[in-house]
Amino acid sequence: MSDGPSPAERTGQSVPRRHHYIPQMVQRRFAGSDGQLWSFDKRHPERGVERRPIKRLFQVRHLYTIRRRDGTRDTTTETRLSAIESRAGPVLERVIKDARAGRLTTFSQADQRALVDLLIAQHRRSPDLHRGVLIRRSVDSIIADGMAQWEALHGSPSAEERAFLASPKFIERARRDAMAEGAASPLETATPAMLQRGFAVARITAPRRAFILGSTPFARFMAMGTRRQDLGDPGAELWMPVAWDVAICSVGRAGYSAFIDADDPRIRKMNRAVVGSSTVFASASRDLVEAYARTAKRGLRIRGGWEEP
């Protein structure tokens, strides 16, 4: 729990309420000319495929806000995420422009750092990831942690305070705070390891083909014939579509680079991976979303949760 004022509060800036876990700068590169996307939410299959503006898609109110003990809201995480997006935005723009021209972008060290920070932060900020982690975390452990923090700050809790710490409201808030604190926590540990990997770029040139955007915007593939099942293996691929026709990938060792024209099997493989791990997915193509929605409806309904967008 944070105690001091957030940067936004110190500077008198307005505190953002809608926190996008897929940045709007990424959504715009998938959206139609009207700034909207067709989307499907696995939590509400009865709604079918819906048309939504990007400002209302892939967002949750105060997702990265931490409630302080005095009742004020700490938006430091959202500020940090915005800074990461600002650094990566121009690099992504250049990557996409070069890819569409059939060129592989030459990255400076600062460019690589900006992209790596974006990949790591985007992974950490996903509600899908945190749902899986936090739902598996037992209620007892959340209550125990809450009791320990309360005793460290205030001494032994009263019966009324113990009841509050065991309440569903406190438990849900603790889960949300854990996500908010981790989404843009210092990247000094993860970034050096990721900088030891190379980059690949894929583009789509075939008509009526597109990458899909998901609430988990990654397609992760492990290398064949290896015991390692993490990104420490240079053969592991972590793809992130960054536009409807361009995707970037962390792969190989430092200095490795590759440019790929994505064929139908690769496009389908990446789209299936994104849809399979995402609660919400979207595209400017209604046909594409409807095709994957039919598949998603045959799966188990998403349970547990985070607030609806």
Side-chain angles (χ1 to χ4, degrees), residues 22-23 25-26 29-30 80-81 83-126 129 182-206 211 213-214 216-271 273-274 277:
I22 301 295
M25 72 167 183
V26 173
R29 298 186 175 104
F30 289 81
R80 289 174 176 168
L81 289 170
I84 290 170
E85 293 170 22
S86 296
R87 291 194 296 270
V91 183
L92 284 182
E93 193 65 38
R94 197 167 72 253
V95 169
I96 294 167
K97 181 179 179 180
D98 285 347
R100 288 172 176 167
R103 299 189 300 266
L104 183 63
T105 301
T106 300
F107 295 116
S108 68
Q109 189 172 11
D111 292 341
Q112 289 180 298
R113 174 64 187 260
L115 289 182
V116 164
D117 282 352
L118 179 69
L119 287 171
I120 296 171
Q122 193 59 53
H123 179 68
R124 289 181 177 179
R125 74 196 291 184
S126 166
L129 169 72
S185 57
L187 308 179
E188 285 78 5
T189 301
T191 296
M194 287 287 284
L195 286 173
Q196 297 307 307
R197 294 170 56 82
F199 275 100
V201 177
R203 70 165 179 176
I204 295 175
T205 57
F211 292 124
L213 181 63
T216 299
F218 295 105
R220 180 172 172 173
F221 307 116
M222 296 296 102
M224 299 294 290
T226 179
R227 292 183 178 181
R228 295 203 67 161
Q229 293 295 305
D230 57 42
L231 296 179
D233 179 0
E237 301 177 15
L238 183 68
W239 287 96
M240 178 181 171
V242 292
W244 68 269
D245 58 342
V246 178
I248 61 174
C249 180
S250 172
V251 63
R253 300 187 186 278
Y256 172 83
S257 61
F259 182 82
I260 301 166
D261 277 316
D263 57 12
D264 279 4
R266 183 181 291 272
I267 297 168
R268 285 195 294 269
K269 182 179 180 181
M270 289 174 60
N271 282 347
V274 169
S277 59

Derivation and outcome, side chain to side chain contact (heavy atoms under 4.5 Å, CB included), residues I22 and L213: CA-CA 9 Å; I22 301 295; L213 181 63; 4.0 Å; yes
Audit row: L119, F218, side chain to side chain contact (heavy atoms under 4.5 Å, CB included) steps and yes/no: CA-CA 9 Å; L119 287 171; F218 295 105; 3.7 Å; yes
F211 and N271: CA distance, side-chain angles, deciding distance, side chain to side chain contact (heavy atoms under 4.5 Å, CB included) verdict: CA-CA 6 Å; F211 292 124; N271 282 347; 4.1 Å; yes
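With rounding to the nearest 0.5 Å, the separation of CZ in R29 from CD1 in I96 is 4.0 Å. The CE atom of M240 lies 12.5 Å from the NE2 atom of H123; values are rounded to the nearest 0.5 Å. Atom CD1 of I204 sits about 11.0 Å away from atom CZ of R266, to the nearest 0.5 Å. The distance from atom OG1 of T216 to atom CD of Q122, rounded to the nearest 0.5 Å, is 9.5 Å. Put simply, OG1 on T106 and CG on D111 are 9.5 Å apart, with the number rounded to the nearest 0.5 Å. Distance CD/E237 to CE/M270: 9.0 Å, rounded to 0.5 Å.
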Under 3.5 Å, which donor-acceptor pairs link side chains of residues 255-262 to any protein atom two or more places apart or in another chain?
{"from": "D261", "atom 1": "OD1", "to": "R203", "atom 2": "NE", "distance (Å)": "2.5"}
{"from": "D261", "atom 1": "OD1", "to": "R203", "atom 2": "NH2", "distance (Å)": "3.4"}

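A donor and an acceptor atom, one from each side chain of S250 and R197, are located under 3.5 Å apart.
Residues A219 and A273 come closest through the heavy atom pair CB-CB, 3.7 Å. Between V274 and P217, the closest heavy-atom pair is CG2-C, 4.4 Å.
Within the 4.5 Å cutoff, the side chain of L92 has heavy atoms near those of the I248 side chain. Inter-residue side-chain proximity for F107 and V95 is flagged as met; some heavy-atom pair is nearer than 4.5 Å. With contacts defined as side-chain heavy-atom distances shorter than 4.5 Å, the pair L195/Q112 qualifies.
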